[in-house]
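Computed from a prediction, not measured in an experiment: that's the story for all the values here.
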Amino acid sequence: MTQDPAKQRSVLPEPAAGNGYLADHIDLLRRSLRRWTGRDLIDQARTPAEAARTIWEAPFVVLSHGQGPDPILDYGNRAALALFELSWPELTRLPSRLTAEVPDREERARLLSRVSEQGYIDDYAGVRISRGGRRFRIEAATVWNLIEPDGLVVGQAATFATWRPL
């Protein structure tokens, strides 16, 4: 698998019925997760648009970012937007490292390195911070590499359903 840090995807529009809730992007997340873990984010028996809408409205967090030296978040479902206190335009301009406080960024960097090497991890826990300064601990997060059908790594994604305020 090769990585192309120079490959930048364009900014995605906010998920809505008119754009199929970003079904192509959600398909990338789901396909990549299945490749690494054999699991899916939701029931596989849905059309791509139904799956994308379900993930957009899900009670668990789903986030992704692209490649590069300081990757920018490119997707967050409603649960992620609420938890991190962000609008869609704010999320899609935010370097993913800024979801962690400065002391926790080194640990976050180690996590992402581990994911790059192994393809995924499903045991991550750590402290994050919202735009408004609320700190919370995420637990049992799965983080995985996003891989195009040709084997090109184009980013990473994360999902978690457990967090608690600090």
Mind checking ring-ring contact (aromatic ring centres under 6.0 Å, His included) for Phe160 and listing every partner two or more places apart, or none if nothing turns up? Trp163

Just verifying a value: how many Å separate Leu73 CG and Leu12 CG, rounded to the nearest 0.5 Å? 11.5 Å

Pairing residues for Arg93 by the salt bridge (Lys or Arg N to Asp or Glu O under 4.0 Å) criterion, not counting sequence neighbours: none

Gap between atom CG of Leu63 and atom OG of Ser96 - 0.5 Å precision: 9.0 Å

If hydrophobic clusters are built by linking Ile, Leu, Val, Met, Phe, Trp and Tyr wherever their side-chain heavy atoms come under 4.5 Å apart, do Leu33 and Trp36 end up in the same one? yes

Look up atom CD1 in Ile138 and atom OH in Tyr124, then write down how far apart they are to the nearest 0.5 Å. 5.5 Å

State, yes or no, whether a side-chain contact exists between Trp56 and Leu81 at a heavy-atom distance under 4.5 Å. yes

How many angstroms lie between CD in Gln67 and CD in Gln156, if you round to the nearest 0.5 Å? 6.5 Å

Counterpart residues, salt bridge (Lys or Arg N to Asp or Glu O under 4.0 Å), relative to Glu14 (two or more places apart): none

Taking C-beta and beyond as the side chain, do Leu29 and Thr159 meet within less than 4.5 Å on heavy atoms? no

Arg39 meets the salt bridge (Lys or Arg N to Asp or Glu O under 4.0 Å) criterion, sequence neighbours left out, with Asp122

Restricting to side chain to side chain donor-acceptor pair (under 3.5 Å), what partner residues turn up for Arg97, sequence neighbours left out? Asp70

Which heavy atom in Ala52 sits nearest to a heavy atom in Ala23, and how many Å separate them? CB-CA, 3.7 Å

Quickly, which of Ile72, Leu86, Thr99, Asp74 forms a side chain to side chain contact (heavy atoms under 4.5 Å, CB included) with Leu91? Name it, please. Leu86

Test side-chain contact (heavy atoms from CB on, under 4.5 Å) applied to Arg30 - qualifying residues, sequence neighbours left out: Ile26, Arg34, Asp40, Leu41, Ile42, Gln44, Ala51, Ile55

First locate atom CG of Asn145, then atom CD of Glu117, and finally report the distance between them rounded to the nearest 0.5 Å. 10.5 Å

Partner set under side-chain contact (heavy atoms from CB on, under 4.5 Å) for Asn19, not counting sequence neighbours: Pro13, Ala16, Leu22

Going only through I, L, V, M, F, W and Y residues with side-chain contacts under 4.5 Å, is there a path from Val61 to Phe136? yes

The criterion is side-chain contact (heavy atoms from CB on, under 4.5 Å); which residues satisfy it with Thr47, sequence neighbours excluded? Ala49, Glu50

Side chains of Arg78 and Pro15: does their closest heavy-atom pair fall under 4.5 Å? no

Return each pair, listed once, that meets side-chain hydrogen bond (donor to acceptor under 3.5 Å, both in side chains) where at least one residue sits in residues 83-92; pairs must be two or more places apart or across chains. Glu85-Ser130, Glu85-Arg134, Ser87-Glu90, Glu90-Arg131

Under 3.5 Å, side chain of Trp144 to main-chain N/O of Ser32, donor-acceptor pair present? no

Residues two or more places apart in sequence or in another chain: which of them pass side chain to side chain donor-acceptor pair (under 3.5 Å) with Arg164? Glu139

Listed by chain and number, what are the side-chain contact (heavy atoms from CB on, under 4.5 Å) partners of Leu98, not counting sequence neighbours? Leu94, Pro95, Arg105

